[in-house]
Structures are given as C-alpha cells and as structure tokens.
Amino acid sequence: MRKLQQAIEPHLAAALSEVGIDDTSNLASLLQRVKEESQGDVALPCFTFAKHLGRAPAEFAAELADALQATVASESLLAEVHAVGGFLNFRADVSTLAQEVIPQTLADPAAAGHARDPSALLIEHTSANPNGPFHVGRSRNAILGDCFVRLHRLAGDEVRAEYYVDDMGKQVGILAWALENLDDDRVNEVLAAAGIDEESNHPDKVDHQRVRNYQAANVLRDDDPGIEEAVSEMVRLSEEADPDTLDAFGKAYQPVLDGMLDTLDRLGIQYDSFTKESRFIIDGSVDVVLAELRQSELAAQAENGAWYLELAERGVAGKNTRFYFQRGDGSSLYATRDIAYHRWKWTQADRLLNILGEDHRLQSHQVAVALGEVGESSPEVVFYAFTKLPDGKMSTRRGNVVFMDDLLDEATARATEVVSTIRTDLDDESLTTIGEAVGISSVRFNILRVSPEKGINFRWEDALSLEADSAPFLMYSHARACSIVRRLLDDGHDVEAALASVGDLDWSGLSESAAGLVRRISRFAEELNSSIENRRPNQFSSYLLALATDYNRFYRDNPVRTPDGIDVNNLALSEAARHLISAGCYGFGVIPLESM
RNA sequence: GGGCGCGUAGCAUAGUCCGGAUAAUGCACUGGCCUCCUAAGCCGGGGACCGCGGGUUCAAAUCCUGCCGCGCCCGCCA
C-alpha cells in the first residue's frame, strides 16, 4: 500500500492545487488506510480542505474524484478512485499488485521483511538472576526479548542476543552461602517448617535442587543476623572482584544458570553472548565511570561521603530524587556497573535495545540520565508489565511461582491430548512431536499477542489456550499449505517447474478471497517494520493472524489441484502465503510444522 | 504523599503513539457448510454507557483536564 500512496501523492497534490489548496506538504500523513476494505485501500479525508475553502466535504471530495479519473487510467497500480461522504477513496489494482509481489516473494522469501537498511543491534534480555529455575514471571522478558531478536532478523538486521549475568550480587551470595552451609536435611526441615516445601516435578534438574537451598537460606536469614553478616561480607568481597569469592559464586550459580538455559532452549530461546557484571569491576571501567560521574554538575556528596546525582531537575519526582552511584565506603552500586556495561555495549553495536520489567522504569531513567552525564547515548527500552498469580507477583524466594518447566510439561501434555483426538491415524512419536511443538508455540504466542505494557493474570487455561487467534491456528494454516504441495508431489507433478513461470502469469480476474490474500501479502514488510519501530510485537501478531485467516478463505474456494493438473496462479499464491506464514511464525518462535 | 503504567461486549484482547467512515478479533452463546488440496477451517446471528465527568475539534476509544479503580516504583538492595 505504501507504493500505492507514493504513486498517488503527486497526482493528488496537483489536483488539490487546481482547486486552490497549495500547501500539500503533509499529504503523506493525511493519507490513511481504508477501514472498510470493500471501500478501497487508501483514503484521503477531505474535511480540513473543505472547511478551508468553505465548501461541503462530500461535494468537494466528489469533485476531486472526477479530476483524478485521468490518473486512474495512467497509473497501473491504481484501479479506482471515488468519493464516499467526505472521503476520497483509492483502490489498488490487485492484478498489478500480484504481478509485483508474488514473484518477488517466491524468488527470495527470506528478504520478504526487508524494507530499510540493516543495522547492527544488540538486544539484552532475560538477564535473570541465576538463583533458581526459570519461572513464568520471568518468561515474559525472555519471550518478548527473543521475539524482538527474531523480528529484527526478519527485517534484515544483524542482531546479537545478549544475557547479562549478575554474578556478584546478593542473590548469588545467598545461594553460595546456602550451598556451603546447609545440607539437604536442614534444607528440608527449614522449608517444611516455612510451608514452602512443594515437591519438585524436576528433581533431577540442578536448578530445581539448588533453589531449595536458596529458599531455605532466605527463611533463616530473616531471624539470624549472623547469616546476613556472612552474606554481606561475601557480597562485599565480590564487589571488590575478589577472585576466590567470584570463583565460589561461579560454582554456585553456573549449574543453576545452565538449568535455566536448558529451559529457555526448550522454548527456542538462545543467546549469542553472556557478559558478567564483575567484568566491569575487574577491567576498571566502573572506576572510570565513578570518576566521571563525580565531575557531573548534578553530582553531590552525602555526609558519609556517598555520591549521588540530583535528578529533581531531570524529570525525577518522588520522595527521593537522588540517584546514588557510589557508597560511603567508596564501592559502586548495581546501577553504576550498569552504566559501565552500557558504555561497553555501545562499542558492540549501533543500536541497543533492553527488555525490562515495569519495576525498572525509574532506574532505567536514572541510568539514562547518568549515561548522558558521561557522554553516552541511552539505549532503547521496552518495558513490560508483570505476569501475576492469583496470590500476587511471582517470587522465587517465597516459593510463589509457576516454573516454566512445569508449564511446558503441562502445555505439551494437553496439546498432545488434543492432537490425539483429532489425529487418530498418527503413532505416539508423531503425536508427541506435534504436541511439543503446539504446546511450546502456544505458550509463547499467548504472551506475545498482548501489548507489553498490559498486565497478564496467569491462568492455566489462558496460557495453554489452543483456540483460534492462537499459535495452532497459524501452524494449521501453514500445514494446510504444505499439504497441497505434498499432494501435488505425490501425484507426480513437478512443482518447481510449474512455479518457474511465475513471472509470466496473468493475474487478472482474481477471486475476492484471492485478491484479499494478495493485498494482505503485499503488506508483510511494512507491517513487520512498523511493529518493530513501535516496539509492539503484538501488532505484527495481529497481522499474521489476519494473513492466516485470509489464507484459509483463499484455501476454501481457490483449488490448486484441478481436474487438469495445477492452477499455477493459485499454487503461486499458496506458496507465497506459506513462505510468509512460516517467516512470521519464526518471528514469534511458533514452530511451523509441515503436518499436524 | 508523589511519579509512571493500565482500565474497550460475560471473558481475553486489538485499535490509542499519528483524531476520521457502521469500534475489530477470539472464547463463550447461536444458525449453516465436509462424496471436493487437513472442519485445529469457512460463512452467518445476537451481545459495547470504549472506567466516570468536563474541555478542544467539522469529527474523540484516540488529544487536554479533573476524578475513580487496579498495578509498578519512590533503598548508600539487586
């Protein structure tokens, strides 16, 4: 549709100038998509112009429509222009559109989402403290982050997925202390007494084992100041980058992190790099940041020698507008190390994107201001609201969690059951494969289809929903398209040869549903890119669902297999749609099976 | 107390950034379509004071403003 807009703009500007409207500089922003698709593709509301000229909008629009009839004849992409009320509606010529977009999509499906120059992008996401199994509360970050990674790759960007490992904080300190000081009997005893002693469904996974020590230590810590002191001492040493302490921390958290990464891997989420927080203490860059921040005009010192930036004038309000970056004892804080981390990240990419929970909004703003003070740019940030349980926010520490391993097991089991009722012809192995793919895809998609800033109340039936407007619907549409090709090959047809002539096809006389599919296909790249730029993956998910719906409508009354062989137009359309559905599925981590 | 986010049919959401045409989709409710490429599909019906009140505008779910409800944050924690 963008091409259509560009094609009409000059003609429209000329026509407007004829009737006395000279300022047409904002024409592009006035042109909009027609909501009711039967009315056309692109519309120009004429109310402002009409008012300016003191004329009736409908009459004015009709006059413009008349003046543009010659343009309809000269522009191959434009099929029709007419006035409806005060709107001037343009309709694209679908056969020209198909001629352009279908061969292009089939020739290079991987480039279907490219619409601009690629950039080198570093996306940091997940970065969860390695203190226990990966849980559903944390998963929105990882699933959203991984989706951005995938969508940007679809758009042609060079993306690096980065996990920031908090290897020196209090969480890891408590874990390390607990592993060293609490044996299994003690852990069992403490957790039983505290009432958070649920039996793990994954007793063999190290992250599920060690989280019990962590939880027990947190219980004990509440009324034993000695533990608090011991942990604090370890944390202090880690902040000085004491090698023995960091080594002990590493031994404590690495197996837990590995367990979390296994879970993430099952979800289809991988990382290109892991960066440890301690790195920026060790290489001295935190000290450099501290020195530079102290030079800031916003910097001031508290009575005990601690340093802060006064942010009252920088849009920070509340009880406390101070951003502390150095403690009274001279040591750094988490946020300070984050500044050093971001400075380093800027050496790795042209664009930075962070995925953060809504609880990090203030801190992210503080870090952004501080980055400005040391001469660095701020990253782009996507904030998401929490996934809550009926009992409130999930917490590893309090045992109020749904572990992702359990959710995936349950999702897979339920999906497998559904598949087995639909496909009675399949063996157990196939059922399991499909069930696993459907279960995982559904869990991901059910999170991605809602706006990041909107809170999610976790409910099993929602998280595991397999209904339409969901991952299985996309997967099913894809499987249908695959099935067509499979049947053609079974019949002995040469599908590749049939498609070789796609550039010469005549696309006139498309059915309504086929034309609808062509229009939808033609918008793939602009929908993808606008979704990325708005940082709302759910926008592209809506598009993808609409694409699948249009494909299913097309499928209903446009047979590819005909009594005489193959309808090549329909085959080309089906294949183009299949490639795009598959690409879109990739973007959301939905697994496009060939059969289900 | 202050800052930020959210509030759309019974439920779950889209649309809000950038104001436009009968507020879109799924579930649930309901009627139809498989001698024809997978019915996890397609076609139709009923169901909405777009949280509430003001304002701006030819036009407001969308912008401004005041309330109300829910959430997050306001550590020399991470």
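Proteins come first, then strands; the chains are lettered A, B, ... in the order of their sequence lines, and each starts at number 1. Computed from heavy atoms alone, side chains included, the values below leave out hydrogens, waters and symmetry copies.
Gln301(A) comes within contact range of no nucleotide atom at all, as no heavy-atom separation falls under 4.0 Å. In this structure, Asn89(A) reaches the bases: a heavy-atom distance under 4.0 Å links it to at least one base atom across the strands shown. Using a 4.0 Å heavy-atom distance criterion, Val235(A) is classed as making no nucleic acid contact. The residue Met475(A) sits apart from the nucleic acid: no heavy atom pair falls under 4.0 Å. Using a 4.0 Å heavy-atom cutoff across all strands shown, Phe325(A) reaches no nucleic acid atom at all. Base engagement by Ala306(A) is indicated by at least one non-hydrogen atom pair under 4.0 Å involving a base atom. Asn558(A) comes within 4.0 angstrom of a base, heavy atoms only. No contact: Ala385(A) has no heavy atom under 4.0 Å from any strand.
Taking every side-chain heavy atom of Arg480(A) into account, A39(B) is the closest of A39(B), G20(B), C72(B). Closest to the Tyr324(A) side chain, of the nucleotides C76(B), C42(B), A78(B), is C76(B). Listed candidates were A40(B), G71(B), A39(B). Nearest to the side chain of Lys388(A) is G71(B). Out of A40(B), C76(B), C4(B), the shortest distance to the side chain of Asn320(A) is found at C76(B). In this structure, of C37(B), C42(B), A78(B), it is A78(B) that holds the atom nearest to the side chain of Asn129(A). With C76(B), A40(B), C37(B) as the candidates, the nucleotide lying closest to the side chain of Pro559(A) is C37(B). Picking from G41(B), G3(B), G71(B) the nucleotide with the shortest atom distance to the side chain of Ala317(A) gives G3(B).
Residues Tyr164(A) and Tyr341(A) bring their aromatic ring centres within 6.0 Å. Remark: aromatic rings of Phe47(A) and Phe60(A) are distant, center separation not under 6.0 Å. For an aromatic pair to be called close, the ring centres must be under 6.0 Å apart, and Tyr163(A) with Phe274(A) satisfies this.
Nucleotides G31(B) and C50(B) are separated by 29 Å at their C1' atoms, to the nearest Å. Separating the P atom of C11(B) from that of G51(B) is a span of 14 Å, rounded to the nearest Å. Comparing the C1' positions of C72(B) and A12(B) gives a spacing of 22 Å, expressed to the nearest Å. Taking atom C1' on both G15(B) and A61(B), the two are 8 Å apart, rounded to the nearest angstrom. Straight-line distance between the P atoms of C43(B) and A48(B): roughly 23 Å, to the nearest whole Å.
Nearest-nucleotide mapping onto RNA chain B: of Gly85(A) and Ser595(A), the residue sitting toward the 5' end is Gly85(A). Toward the 5' end of RNA chain B, the nearer of the two residues Lys170(A) and Ala43(A), judged by each one's closest nucleotide, is Ala43(A).
For the pair Glu239(A) and Arg236(A), the salt-bridge criterion is not met [side-chain N within less than 4.0 Å of a carboxylate O]. Salt bridge annotation for Glu594(A)-Arg578(A): absent, with no cationic side-chain nitrogen under 4.0 angstrom from a carboxylate oxygen. Ion pairing between Arg337(A) and Asp287(A) fails under the 4.0 Å rule for side-chain N and carboxylate O. One finds no salt bridge joining Lys276(A) and Asp167(A) here, because no Lys/Arg side-chain nitrogen approaches an Asp/Glu carboxylate oxygen to under 4.0 Å. In summary, Arg33(A) and Glu527(A) engage in a salt bridge, as defined by a charged side-chain N under 4.0 Å from a carboxylate O.
Side-chain atoms of Ile143(A) and Leu448(A), non-hydrogen and from C-beta on, do get closer than 4.5 Å to each other. Counting only heavy atoms from C-beta outward, the side chains of Gln539(A) and Ser530(A) approach each other to under 4.5 Å.
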Canonical and wobble pairing (Watson-Crick, G-U, under 3.5 Å) of RNA chain B, dot-bracket with |:
(((((((..((((......[...)))).(((((.......))))).....(((((..]....))))))))))))....
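In this structure, Tyr334(A) does not reach the A78(B) phosphate: none of its side-chain N or O atoms is under 4.0 Å from OP1 or OP2. Between G75(B) and Arg327(A), no contact under 4.0 Å exists linking OP1 or OP2 to a side-chain N or O. Listed pair Arg337(A) / A78(B) meets the phosphate criterion, a side-chain N or O lying under 4.0 Å from OP1 or OP2.
Taking atom CZ of residue Phe49(A) and atom P of nucleotide G20(B), one finds them 16 Å apart after rounding to whole Å.
Look at Phe87(A) and the base of A21(B); the rings stack, centres closer than 5.5 Å and planes less than 30° apart.
In this view, Tyr476(A) and Arg480(A), Met596(A) satisfy the side chain to side chain contact (heavy atoms under 4.5 Å, CB included) rule, not counting sequence neighbours. For Pro452(A), the side chain to side chain contact (heavy atoms under 4.5 Å, CB included) partners at least two apart in sequence or on another chain are Leu144(A), Val382(A), Tyr384(A), Arg536(A), Pro537(A), Asn538(A).
The minimum heavy-atom distance between Leu573(A) and Ala514(A), with the atom names listed, is CD1-CB, 3.9 Å.
Classified by interplanar angle (parallel below 30°, tilted 30° to 60°, perpendicular above 60°), the ring pair Phe458(A)/Trp460(A) is perpendicular.
Taking a 4.0 Å limit (strictly below) on heavy-atom distances, residues 412-427 of chain A reaches RNA chain B at Val419(A), Ile422(A).
For C50(B), the base is anti relative to its sugar; the glycosidic angle deviates from 0 by more than 90°.
With no hydrogens or angles considered, no side-chain donor-acceptor pair links Arg138(A) and Asn141(A) at under 3.5 Å.
Gln363(A) contributes a side-chain N or O that forms a donor-acceptor pair with the base of A78(B) under 3.5 Å.
Counting only distance, with no hydrogens or angles, the side chain of His493(A) and the backbone of Val495(A) share no donor-acceptor pair below 3.5 Å.
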Output a table of nitrogen or oxygen pairs between the protein and nucleotides 44-47 of chain B separated by less than 3.5 Å.
none

Kindly give the atom pairs (protein nitrogen or oxygen, nucleotide nitrogen or oxygen) under 3.5 Å for nucleotides 12-17 of chain B.
residue, atom, partner, partner atom, Å
A14(B), OP1, Ser451(A), N, 2.6
A14(B), OP1, Ser451(A), OG, 3.0
A14(B), OP2, Lys454(A), NZ, 2.6

